[in-house]
*Asks:* 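Sharing a structure below in structure tokens format, with a few things to ask.
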Amino acid sequence: TATLNLTINPSTTSTSTVTSCDSYSWNGTTYTSSGTYTYSTTNANSCDSTATLNLTINPSTTSTSSVTSCDSYSWNGTTYTSSGTYTYSTTNANGCDSTATLNLTINNSTSSTNNQTVCYGASYTIGSSTYTTSGTYTDVFTASNGCDSTVTTILVISPAITSTNNQTV
């Protein structure tokens, strides 16, 4: 008589579905692209164990823009008044990092005062404006940097000089 005490140990399998940004490490391997991956090993009962990974890799995003503006520039809720490189970090539609870089050049507007005196009966012309009476006038031009150049002209018209010459002959 023979008695057999037989234990059948089962092989094991498992499946995982994972979504990750940029890369994912699984069982000692780092994956950077979407796909189905398997890992074979031995389970606690010394039988085959196969794990399957259904992996979706979503990329982080980056962008760079260069802007030139006059005096200030608003970007992503912040107003900048000086030139520089600025970074804004958020989350993209896939839930991954999104980094935007702004290379900003700020050109400043200018202003100046232009004091002028002309003789009675004369006029003063600046740009396309001609003035014939005393007063303060403001003209806006475009400077070489593309921004406003405001010129305030203070014009004085000298009064006419009259004289009386009484002579007896």
Side-chain angles (χ1 to χ4, degrees), residues 7-116 123-131 135-155:
T7 301
I8 303 275
N9 291 323
S11 296
T12 54
T13 60
S14 66
T15 301
S16 300
T17 301
V18 174
T19 300
S20 183
C21 296
D22 300 323
S23 66
Y24 184 74
S25 293
W26 184 61
N27 292 314
T29 302
T30 300
Y31 299 93
T32 57
S33 59
S34 298
T36 300
Y37 302 98
T38 58
Y39 178 75
S40 297
T41 189
T42 304
N43 65 18
N45 296 323
S46 297
C47 295
D48 289 341
S49 176
T50 303
T52 302
L53 173 65
N54 296 316
L55 180 61
T56 301
I57 295 292
N58 290 323
S60 295
T61 53
T62 61
S63 65
T64 300
S65 54
S66 297
V67 174
T68 300
S69 183
C70 295
D71 302 318
S72 66
Y73 185 74
S74 292
W75 184 61
N76 292 311
T78 302
T79 300
Y80 299 94
T81 57
S82 60
S83 298
T85 299
Y86 302 97
T87 303
Y88 179 74
S89 297
T90 189
T91 302
N92 65 20
N94 295 325
C96 298
D97 291 339
S98 175
T99 303
T101 301
L102 173 65
N103 296 318
L104 179 61
T105 301
I106 294 291
N107 291 326
N108 293 313
S109 296
T110 60
S111 62
S112 61
T113 301
N114 179 21
N115 292 307
Q116 294 293 323
S123 64
Y124 180 75
T125 300
I126 182 169
S128 62
S129 300
T130 300
Y131 302 109
T136 301
Y137 304 97
T138 302
D139 295 283
V140 179
F141 303 99
T142 300
S144 61
N145 65 5
C147 299
D148 288 346
S149 174
T150 303
V151 177
T152 301
T153 300
I154 301 171
L155 180 62

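Quantities reported herein were computed from a predicted structural model and do not represent experimental measurements.
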*Asks:* Name all residues meeting the ring pair (Phe, Tyr, Trp, His ring centres under 6.0 Å) criterion together with Tyr131; count only those two or more places apart in sequence or in a different chain, and write none if there are none.
*Replies:*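 Checked Tyr131 against ring pair (Phe, Tyr, Trp, His ring centres under 6.0 Å); matches are Tyr137.
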*Asks:* Report the distance from atom CG of Leu55 to atom OG1 of Thr19, rounding to the nearest 0.5 Å.
*Replies:*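 Atom-to-atom, Leu55:CG and Thr19:OG1 are 7.5 Å apart.
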*Asks:* Step by step, would you call Asp71 with Asn108 a side-chain contact (heavy atoms from CB on, under 4.5 Å)?
*Replies:* CA-CA 5 Å; Asp71 302 318; Asn108 293 313; 4.0 Å; yes
*Asks:* Going by distance alone, is a donor N or O of one side chain under 3.5 Å from an acceptor N or O of the other, for Thr99 and Thr62?
*Replies:*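 Absent: no donor and acceptor within the cut-off.
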*Asks:* Taking the side chain from Thr38 and the backbone from Thr52, do they hold a donor-acceptor pair closer than 3.5 Å?
*Replies:*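 Pair absent, no side-chain N/O of Thr38 close to backbone of Thr52.
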*Asks:* If every non-hydrogen atom of Ser109 is compared with every non-hydrogen atom of Cys147, which pair is closest and at what distance?
*Replies:*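 Result for this residue pair: OG-CB, 3.8 Å.
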*Asks:* Looking at residues at least two apart in the chain, or sitting in another chain, which of them share a ring pair (Phe, Tyr, Trp, His ring centres under 6.0 Å) with Tyr80?
*Replies:*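 Result, ring pair (Phe, Tyr, Trp, His ring centres under 6.0 Å) vs Tyr80: Tyr86.
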*Asks:* Assess the side chains of Thr130 and Ser123: does a donor N or O sit below 3.5 Å from an acceptor N or O?
*Replies:*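 Checked: Thr130/Ser123 side chains show no N/O donor-acceptor pair below 3.5 Å.
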*Asks:* In Å, rounded to the nearest 0.5 Å, how long is the span from OG of Ser16 to OH of Tyr24?
*Replies:*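 One gets 7.0 Å once the value is rounded to the nearest 0.5 Å.
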*Asks:* Hey, are Thr79 and Ser72 close enough side-chain-wise for a donor-acceptor pair under 3.5 Å?
*Replies:*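 Side-chain D/A pair, Ser72 to Thr79: absent.
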*Asks:* Give me the atom names and distance for the closest heavy-atom approach of Thr42 to Ser49.
*Replies:*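 For Thr42 and Ser49, the tightest heavy-atom pair comes out as C-CB, 4.2 Å.
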*Asks:* Among Asp139, Leu155, Ile126, find the residue that satisfies the side-chain contact (heavy atoms from CB on, under 4.5 Å) test when tested with Asn114.
*Replies:*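 Per the side-chain contact (heavy atoms from CB on, under 4.5 Å) rule, the option paired with Asn114 is Ile126, out of Asp139, Leu155, Ile126.
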*Asks:* Distance alone, cut at 3.5 Å: any donor-acceptor contact between the side chains of Thr61 and Ser98?
*Replies:*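 Yes.
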*Asks:* Compare every heavy atom of Asn92 with every heavy atom of Asp97, then report the nearest pair and how far apart it is.
*Replies:*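 Where Asp97 meets Asn92 most closely, the heavy atoms are O-ND2, 3.7 Å.
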